[in-house]
Visitor: 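I am attaching a structure below and will ask some questions about it afterwards.
A quick note: this is a predicted structure, and the numbers were derived from the prediction, not measured.
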Amino acid sequence: MQAPPLPNNEEQRLSAMWRYTLRDMEQDPEIEAIAALAKAFFQVPIVLVTFIDKELQRFKSHPGTELGETRRDISFCGHAITAKDDIFEVPDAWHDPRFSDNPLVTGEPYIRYYAGTPLITPEGYRIGSLCIIDHKVRHFSRAQLQHLLTLAHQIMGYLMRRYEQCLHQAIDNTNIGLYEWDIESGHIWCNAIVNDILGVKGQVSFDAWLKQYTPQAQQQLRKQLSHSIETQRAFHIQLPLEKQVPGSPPTWVDVRGQPMRVAGETMKIVGTVMDITLLKHQEAELTQRRQEAHHQEKMRTLGQMTAGIAHDFNNILQVINGQTELLNEGLLAQPALLDNLQQIQLAGQRGVDLIEEMLLYVTEQPLECQAVNLTDWLASYAHDLKKRLPKNVHCEVNSDANVTVLIHPSQMTRVMDNLCQNAVRAMPDGGLITLSSWQQGVTGRLQVSDTGQGIAPEHLHKIFTPFFTTCRGGKGTGLGLAIVNTLIQRQQGRIHVKSQLGEGTTMTLVLQLANQHK
């Protein structure tokens with residue numbers, strides 16, 4: 001007896017066999033029907049659909065015998081999958097030295113005639129065979145045996161379709177959309193995942209499918225499709241969709257396409273669509289965090305440098321201001337020189353104030369806060385503020401009683417002064433400043449609203465950035481709101497801003513309640 005040889009690609013062949021059979025050896029109605037056709041056409045007692053495993057040949061279909069499997073080393077089909085010809089035929093096993101003493105010849109199923117053709121995957125792996133067996137010598141023409149090849153192709157086609165269905169189910173479970181665009185007709189087929197992502201129902205036209213993207217994205221996608229058709233190359237693009245939820249970030253999809261060619265001409269584009277909105281948001285957050293980290297490092301370095309310079313510069317300014325005061329006393333009789341000296345003195349004082357602001361901004365230690373009745377504190381602050389406001393600017397106060405928060409009173413005064421000064425500058429023709437305090441949940445709120453010019457949308461995200469200012473003519477250093485933000489954070493609070501051009505600005509301070517502090 002001669003054992004069948006092992007194919008050169010045995011490991012890959014086994015992998016393909018397991019993949020296409022799903023290791024399922026239960027009877028299958030469609031394969032049983034094909035085996036019945038072979039049995040009827042060739043008028044043989046036994047037909048086998050076999051898959052060659054590591055040590056066994058397993059029978060997916062076996063009409064005419066009760067055997068479900070046999071050893072591989074005695075199998076006829078093991079020879080069929082390694083034969084050079086597409087059909088392996090043994091006309092008379094009794095007189096063939098390779099098989100005359102084979103247990104399958106001398107025992108069940110008593111093979112005398114055998115003809116088998118391999119089941120070949122699209123990759124070229126021979127995973128099993130379709131064979132016919134008789135207990136007597138038979139003679140079939142090449143034309144007759146060609147039907148065996150046809151039936152084997154049908155079996156392999158069924159296995160491929162079943163495998164593809166499993167792939168589709170797996171893809172659907174991973175939320176990957178599939179599409180197929182027929183170029184000539186313009187018809188596009190999409191699976192349910194694509195319809196869910198794009199927000200369409202049923203099968204739609206190509207134009208309707210394309211309209212789900214923003215106008216600019218439509219142009220980009222058309223360009224990619226045209227280029228793929230012309231070059232017969234795959235493409236990959238990420239695009240925003242037209243459908244958006246008001247106030248929400250845009251919805252993004254990842255679109256891939258692969259041209260399908262027939263006789264050298266691109267006939268279809270097939271590909272995938274995936275919702276990558278979450279990924280885009282995560283990328284944006286990561287980019288923002290990197291930028292913030294870079295900015296914090298930059299500001300930390302700047303702060304260290306500023307602190308060193310500020311201390312030295314402050315000593316110089318103190319000398320200048322001190323000497324200016326002495327000269328001021330000696331030049332009372334010379335008004336012209338006195339005016340020049342006063343300008344020097346004002347500039348020196350402005351330098352001192354700027355140094356104080358810079359040192360205040362770069363200091364990171366928390367402030368020592370105390371419990372303060374916010375209503376009483378705001379009433380006192382408003383009383384003092386009204387004395388300093390221009391005549392065309394009015395102030396109203398709205399407060400809830402018994403709101404006690406943790407703040408540093410003097411630094412909170414600095415915060416409010418800064419916010420109110422900004423409000424006044426935003427109302428050059430006059431207006432109203434409203435100061436409010438109340439309790440909201442487990443926080444206290446302190447608010448400054450104005451009826452001024454408002455802040456442009458493109459500036460809103462920059463207003464707390466150091467040295468950013470929209471003031472012209474040296475009227476602002478760009479440190480005011482940066483210091484406000486820093487001082488509020490050092491009091492374990494935060495600040496919210498709401499503004500619209502022409503309708504004013506509202507700054508809301510969120511503060512810790514005294515009874516919530518642990």
Visitor: So, the side chain of Lys60 versus the backbone of Glu26: is there a donor-acceptor pair under 3.5 Å, distance only?
Guide: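 Side chain of Lys60 to backbone of Glu26: a pair is present.
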Visitor: Can you tell me if Lys211 has over 12 outside heavy atoms packed within less than 6.0 Å of its NZ?
Guide: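 No - once you tally the heavy atoms of other residues, nucleotides and ligands closer than 6.0 Å, there are 12 at most.
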Visitor: Is there a side-chain contact between Val47 and Leu130 in this structure, where contact means two heavy atoms from C-beta onward sitting under 4.5 Å apart?
Guide: yes
Visitor: Roughly how far, to the nearest 0.5 Å, is the OH atom of Tyr158 from the CG atom of Leu119?
Guide: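 Going from the CG atom of Leu119 to the OH atom of Tyr158 covers 13.5 Å.
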Visitor: Any chance CG of Asn8 has more than 12 other-residue heavy atoms, nucleotides or ligands included, within less than 6.0 Å?
Guide: no
Visitor: Between Arg138 (side chain only) and Gln43 (backbone N and O only), is there a donor and an acceptor less than 3.5 Å apart?
Guide: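 Yes, the answer is positive, given that a donor and an acceptor are paired below the 3.5 Å cut-off.
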Visitor: Return the orientation label for the Tyr213 and Trp209 ring planes: parallel under 30°, perpendicular over 60°, tilted otherwise.
Guide: perpendicular
Visitor: Does the side chain of Ile127 reach to within under 4.5 Å of the side chain of Met156, using non-hydrogen atoms?
Guide: yes
Visitor: Go through the side-chain N and O atoms of Thr506 and Gln447 and say whether any donor and acceptor fall under 3.5 Å apart.
Guide: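 There is no such pair (donor and acceptor under 3.5 Å, judged by atom type) between the side chains of Thr506 and Gln447.
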Visitor: Got a second to check how far Leu481's CG is from Asn422's CG, nearest 0.5 Å?
Guide: 5.0 Å
Visitor: Write out all pairs satisfying ring pair (Phe, Tyr, Trp, His ring centres under 6.0 Å) with one or both partners inside residues 250-270, taking only residues at least two apart or from two chains.
Guide: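 Non-adjacent pairs meeting ring pair (Phe, Tyr, Trp, His ring centres under 6.0 Å): zero.
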Visitor: More than 12 heavy atoms of other residues, nucleotides or ligands under 6.0 Å from NE2 of His236: yes or no?
Guide: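 Atom NE2 in His236 is packed in, count exceeds 12.
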Visitor: What are the two closest heavy atoms between Cys190 and Asn195, and how far apart are they?
Guide: CB-OD1, 3.9 Å
Visitor: So do Phe235 and Ile269 actually touch side chain to side chain, heavy atoms under 4.5 Å?
Guide: yes
Visitor: Quick one: do Arg13 and Glu10 satisfy salt bridge (charged side-chain N to carboxylate O under 4.0 Å, His left out)? Show the steps, please.
Guide: CA-CA 5 Å; Arg13 190 199 66 80; Glu10 177 65 4; 3.0 Å; yes
Visitor: Hey, can you tell me if His79 and Phe99 have their rings parallel, tilted or perpendicular (30° and 60° cut-offs)?
Guide: perpendicular
Visitor: Does Met260 have more than 12 heavy atoms from other residues, nucleotides or ligands lying within 6.0 Å of its CE?
Guide: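 12 or below, so no.
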Visitor: Taking Ile74's backbone N and O only, do any of them form a donor-acceptor pair with Asn102's side chain (distance below 3.5 Å, no angle check)?
Guide: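 Checking the backbone N and O of Ile74 against the side chain of Asn102, a donor-acceptor pair under 3.5 Å is found.
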Visitor: Kindly compute the distance separating CE (Met274) from CD1 (Ile176), expressed to the nearest 0.5 Å.
Guide: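 CD1 of Ile176 is found 5.5 Å from CE of Met274.
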Visitor: Classify the ring geometry between Phe42 and Phe140 as parallel (under 30°), tilted (30 to 60°) or perpendicular (over 60°).
Guide: perpendicular
Visitor: We want to know whether Thr121 and Glu123 form a side-chain donor-acceptor pair, criterion being a heavy-atom distance below 3.5 angstrom.
Guide: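 Yes, Glu123 and Thr121 have a side-chain donor paired with an acceptor closer than 3.5 Å.
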Visitor: Minimum heavy-atom separation for Ser437 to Leu446, with atom names?
Guide: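 In this case the closest contact between Ser437 and Leu446 is CB-CD1, 4.3 Å.
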Visitor: Examine distances only and state if a side-chain atom of Asp92 and a backbone atom of Trp94 form a donor-acceptor pair shorter than 3.5 Å.
Guide: yes
Visitor: Any non-hydrogen side-chain atom of Ile87 less than 4.5 Å from a side-chain atom of Arg142?
Guide: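 Yes, side chains in contact.
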Visitor: Before giving the answer on side chain to side chain contact (heavy atoms under 4.5 Å, CB included), spell out for Tyr113 and Ile132 the whole-Å C-alpha distance, their side-chain angles and the decisive distance to 0.1 Å.
Guide: CA-CA 8 Å; Tyr113 175 84; Ile132 55 176; 4.2 Å; yes
Visitor: Does atom CD of Glu265 have more than 12 heavy-atom neighbours, drawn from other residues, nucleotides or ligands, at distances under 6.0 Å?
Guide: no
Visitor: For a 4.5 angstrom cut-off between non-hydrogen side-chain atoms, does Phe76 reach Thr70?
Guide: no
Visitor: Quick check against the 3.5 Å criterion: does Ser75 have a side-chain atom that pairs as donor or acceptor with the backbone of Arg72?
Guide: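 Such a contact is found between Ser75 side chain and Arg72 backbone.
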Visitor: Is the number of heavy atoms from other residues, nucleotides or ligands under 6.0 Å of Arg261 CZ greater than 12?
Guide: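 Atom CZ in Arg261 is not packed in, count stays at 12 or less.
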Visitor: Check the pair Val510 / Gln440 against side chain to side chain contact (heavy atoms under 4.5 Å, CB included), numbers first and verdict last.
Guide: CA-CA 9 Å; Val510 182; Gln440 183 169 327; over 6 Å; no
Visitor: Can you tell me how far the CD atom of Glu503 sits from the NZ atom of Lys498, to the nearest 0.5 Å?
Guide: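 Between atom CD of Glu503 and atom NZ of Lys498 there are 9.5 Å.
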Visitor: To the closest 0.5 Å, what do you measure between CD1 (Ile155) and OH (Tyr20)?
Guide: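 Ile155 atom CD1 to Tyr20 atom OH measures 15.5 Å (nearest 0.5 Å).
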Visitor: Treating Asn191 as the side-chain partner and Val194 as the backbone partner, does any N or O pair qualify as donor plus acceptor under 3.5 Å?
Guide: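 Present.
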Visitor: Do the side chain of Arg98 and the main chain of Gln2 share a donor and acceptor less than 3.5 angstrom apart?
Guide: no
Visitor: Output the distance between atom CZ (Phe88) and atom OG1 (Thr82), rounded to the nearest 0.5 Å.
Guide: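 Phe88 CZ to Thr82 OG1: 7.5 Å, rounded to 0.5 Å.
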Visitor: Would you mind telling me which of Val253, Leu178, Ile193 makes a side-chain contact (heavy atoms from CB on, under 4.5 Å) with Thr272?
Guide: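 Only match with Thr272 under side-chain contact (heavy atoms from CB on, under 4.5 Å): Leu178.
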Visitor: Can you check whether Met507 reaches Ile463 side chain to side chain, under 4.5 Å on heavy atoms?
Guide: yes
Visitor: Could you tell me whether Arg161 atom CZ has more than 12 heavy atoms of other residues or ligands within 6.0 Å of it?
Guide: yes
Visitor: Would you say Gln220's side chain and Gln238's backbone share a donor-acceptor pair under 3.5 angstrom?
Guide: no
Visitor: Is there a side-chain contact between Leu14 and Tyr125 (heavy atoms, below 4.5 Å)?
Guide: no
Visitor: As a quick check of understanding, evaluate side chain to side chain contact (heavy atoms under 4.5 Å, CB included) for Glu108 and Leu67, giving each step before the final call.
Guide: CA-CA 8 Å; Glu108 179 70 27; Leu67 292 175; 3.9 Å; yes
Visitor: Between Trp181 and Ile229, does a side chain to side chain contact (heavy atoms under 4.5 Å, CB included) hold up when you go through it step by step?
Guide: CA-CA 11 Å; Trp181 177 44; Ile229 293 170; 3.8 Å; yes
Visitor: Backbone N or O of Pro109 within a donor-acceptor pair of the His135 side chain at under 3.5 Å?
Guide: yes
Visitor: Regarding Ser205 and Asp207, do their side chains bring together a donor and an acceptor under 3.5 Å, going by distance alone?
Guide: no
Visitor: What heavy-atom pair brings Phe41 and Gln144 nearest, and what distance separates the two atoms?
Guide: CE2-O, 3.8 Å
Visitor: Do Leu48 and Thr65 come within less than 4.5 Å of each other through their side chains, counting heavy atoms only?
Guide: yes
Visitor: Taking all atoms of both residues into account, what is the closest heavy-atom pair of Arg126 and Asp85, and its distance?
Guide: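 Smallest interatomic distance, heavy atoms only, reads NH1-O, 4.2 Å.
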Visitor: For a quick test of reading the model, state the closest non-hydrogen atom pair linking Ile81 to Pro7 and the distance between them.
Guide: CD1-CG, 4.3 Å
Visitor: Tell me whether Thr266 contacts the main-chain N or O of Pro259 through its side chain, where contact means a donor paired with an acceptor under 3.5 Å.
Guide: no
Visitor: What is the minimum heavy-atom distance between Ile488 and Val415, and which atoms define it?
Guide: CD1-CG1, 4.1 Å
